[in-house]
Amino acid sequence: GDVLILGEAKTINDVDRKHSLHQYEKYIETIESFEGLGIFILCVHWDTFLMTQKIIRRMLPENRVGTYIILSSNGKEAVL
């Protein structure tokens, strides 16, 4: 089947800006409407790793079909 992988990297100062929040919403909409395997990977500074997980979790639909991965600059990984 088809696979769509979207990736984004954010700096400490950019991770929770209005523009970034809008981008996340659009990425999630794209992943959720894709007719195949959709994966979103977001790379962030380790200091914003937990905050970013909370932001993305709040945006995800209850019955999501996509895979959402957050990577930190110190090697941690969260699959939501």
Side-chain angles (χ1 to χ4, degrees):
D2 293 332
V3 178
L4 172 65
I5 301 172
L6 298 177
E8 180 77 19
K10 293 293 182 185
T11 64
I12 288 178
N13 297 323
D14 198 32
V15 77
D16 62 347
R17 286 191 179 165
K18 185 177 180 179
H19 174 74
S20 295
L21 299 176
H22 181 71
Q23 283 181 310
Y24 305 151
E25 289 173 353
K26 291 300 176 189
Y27 294 145
I28 291 168
E29 286 176 17
T30 301
I31 292 293
E32 291 301 311
S33 63
F34 183 69
E35 302 216 5
L37 174 60
I39 302 169
F40 176 52
I41 302 170
L42 181 58
C43 302
V44 297
H45 187 273
W46 65 268
D47 200 35
T48 61
F49 183 64
L50 293 176
M51 176 182 67
T52 304
Q53 289 180 62
K54 290 177 187 175
I55 290 169
I56 298 300
R57 272 198 183 100
R58 279 191 296 247
M59 293 181 167
L60 293 177
E62 197 170 305
N63 297 315
R64 65 183 172 269
V65 294
T67 300
Y68 300 87
I69 301 168
I70 301 174
L71 303 174
S72 74
S73 58
N74 67 348
K76 291 186 181 179
E77 174 183 317
V79 178
L80 309 179

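Just so you know, these numbers come straight off a predicted model, no measurement behind them.
- At least one side-chain heavy atom of Phe34 sits under 4.5 Å from a side-chain heavy atom of Asp2.
- When hydrophobic clusters are built by joining Ile, Leu, Val, Met, Phe, Trp and Tyr residues whose side-chain heavy atoms come closer than 4.5 Å, directly or via intermediates, Ile55 is not grouped with Val79.
- In this structure, OG1 in Thr52 is found 8.0 Å from CG in Asp16, a value given to the nearest 0.5 Å.
- Note that the CD1 atom of Ile70 and the CD atom of Gln53 stand 5.0 Å from one another [nearest 0.5 Å].
- With sequence neighbours left out, the side chain to side chain contact (heavy atoms under 4.5 Å, CB included) criterion links Arg64 to Glu32, Leu60, Pro61, Tyr68.
- A continuous path of hydrophobic side-chain contacts links Leu50 to Met59 [ILVMFWY only; heavy atoms under 4.5 Å].
- Hydrophobic clustering, with ILVMFWY side chains joined whenever heavy atoms are under 4.5 angstrom apart, keeps Ile12 apart from Phe49.
- Under the 4.5 Å side-chain heavy-atom criterion for grouping Ile, Leu, Val, Met, Phe, Trp and Tyr, Val65 is not connected to Leu42 through any hydrophobic cluster.
- Side-chain heavy-atom separations under 4.5 angstrom define the hydrophobic clusters, and Trp46 shares its cluster with no other residue.
- Separation of atoms CD1 (Ile39) and OG1 (Thr67) is listed at 5.5 Å; rounding is to 0.5 Å.
- Side chain of Tyr24 to main chain of Val15: a donor-acceptor pair is present (N/O by atom type, distance under 3.5 Å, no hydrogens or angles).
- By the 6.0 Å contact criterion, CD on Glu77 is enclosed, its count of non-hydrogen atoms from other residues, nucleotides or ligands being greater than 12.
- Both Leu37 and Ile69 are part of a single hydrophobic cluster, where members link through side-chain heavy atoms under 4.5 Å apart.
- Between atom CE of residue Met51 and atom CD1 of residue Ile56 there is a gap of 10.5 Å, rounded to the nearest 0.5 Å.
- Scanning for salt bridge (charged side-chain N to carboxylate O under 4.0 Å, His left out) contacts around Glu8 gives Lys10, with sequence neighbours left out.
- Residues forming a side chain to side chain contact (heavy atoms under 4.5 Å, CB included) with Ser33 (at least two apart in sequence, or on another chain): none.
- Residues satisfying the side-chain hydrogen bond (donor to acceptor under 3.5 Å, both in side chains) test with Asn74, not counting sequence neighbours, are Ser72.
- Note that NE2 of His45 and CG of Asn13 are 10.0 Å apart. Values are rounded to the nearest 0.5 Å.
- Applying the salt bridge (charged side-chain N to carboxylate O under 4.0 Å, His left out) rule to Lys26 yields the partners Glu29; only residues at least two apart in sequence or on another chain are considered.
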